[in-house]
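Beneath this line is the structure, given in structure tokens, with notes to follow.
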Amino acid sequence: MGVTKIVFTPNNETATFMTGITAQTAPAHDAAWYDLDLSAFTSGGTITIVGSVGASGCEASSYLVSECDVFPTSGGGFSTLQNKSDVPAGTQWMMSYQFSPVAVLHFGTEGDWLTT
């Protein structure tokens, strides 16, 4: 999947988006990625992400990754700032992260291995 860029500013502090995800056979990853441009917040701040997994879908995992980290296409053991793993279908979740001045954080979501 490609990466979608979302630009946040003090006058545009929210964004809404929806994506379809598919569970992969372990150890593959196929996350939907979003670059969250936070560069307008020169003193840093707190980002809160609220998500939901469709009732008829697979379990899902979501990740907030720092600007310089690269998310693998296979395997585990990667570094995240925040994550929600094994979120059941039909569930809403939330993650918050207090960030220092930064240009971009990466947010990804994918279907779990556990449901393949």
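The basis for the numbers below is simple: all heavy atoms, side chains too, and nothing from hydrogens, waters or symmetry mates. Just so you know, these numbers come straight off a predicted model, no measurement behind them.
Side-chain contact between Phe41 and Val102 is absent, with no heavy-atom pair separated by less than 4.5 Å. In this structure the side chain of Leu36 reaches within 4.5 angstrom of the side chain of Phe8, judged on heavy atoms. Counting heavy atoms from C-beta outward, Lys5 and Tyr34 have side chains that stay 4.5 Å or more apart. Residues Leu105 and Leu38 have side chains in contact (heavy-atom distance under 4.5 Å, counting atoms from C-beta outward). In this structure the side chain of Phe107 reaches within 4.5 angstrom of the side chain of Phe17, judged on heavy atoms.
Between the CG atom of Asp35 and the CD1 atom of Ile6 there is a distance of 9.0 Å, given to the nearest 0.5 Å. Once rounded to the nearest 0.5 Å, the distance linking CE of Met94 with CD of Gln82 reads 10.5 Å. Here Thr80 contributes atom OG1 and His106 contributes atom NE2; the two are 13.0 Å apart, rounded to the nearest 0.5 Å. Atom OG1 of residue Thr91 and atom NZ of residue Lys84 lie 11.5 Å apart, to the nearest 0.5 angstrom. Once rounded to the nearest 0.5 Å, the distance linking CH2 of Trp93 with CG of Asn83 reads 10.0 Å. The distance from atom CD1 of Ile47 to atom CE of Met95, rounded to the nearest 0.5 Å, is 10.0 Å.
Nearest heavy atoms, Ala89 versus Ala55: CB-O, 3.6 Å. When every heavy atom of Ala40 is checked against every heavy atom of Pro10, the shortest pair comes out as CB-CD, 3.8 Å.
Looking only at atom types and distance, the side chain of Asp37 has a donor-acceptor partner in the side chain of Ser39 under 3.5 Å away. No side-chain donor from either of Thr46 and Ser96 sits under 3.5 Å from a side-chain acceptor of the other.
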Going by atom type alone, with no hydrogens or angles, which donor-acceptor pairs under 3.5 Å involve a side-chain atom of residues 60-68 and a protein atom two or more places apart or on another chain?
| unit_1 | atom_1 | unit_2 | atom_2 | d |
| --- | --- | --- | --- | --- |
| Ser61 | OG | Asp86 | N | 3.2 |
| Ser61 | OG | Asp112 | OD1 | 2.5 |
| Ser62 | OG | Thr109 | OG1 | 2.9 |
| Tyr63 | OH | Glu110 | OE2 | 2.7 |
| Ser66 | OG | Asp69 | OD2 | 3.0 |

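Note: the hydrophobic cluster containing Val104 does not contain Trp33 (ILVMFWY, side chain heavy atoms under 4.5 Å, direct or indirect links).
Under the rule for a side-chain hydrogen bond (donor to acceptor under 3.5 Å, both in side chains), Ser52 has no partner lying at least two apart in sequence or in another chain.
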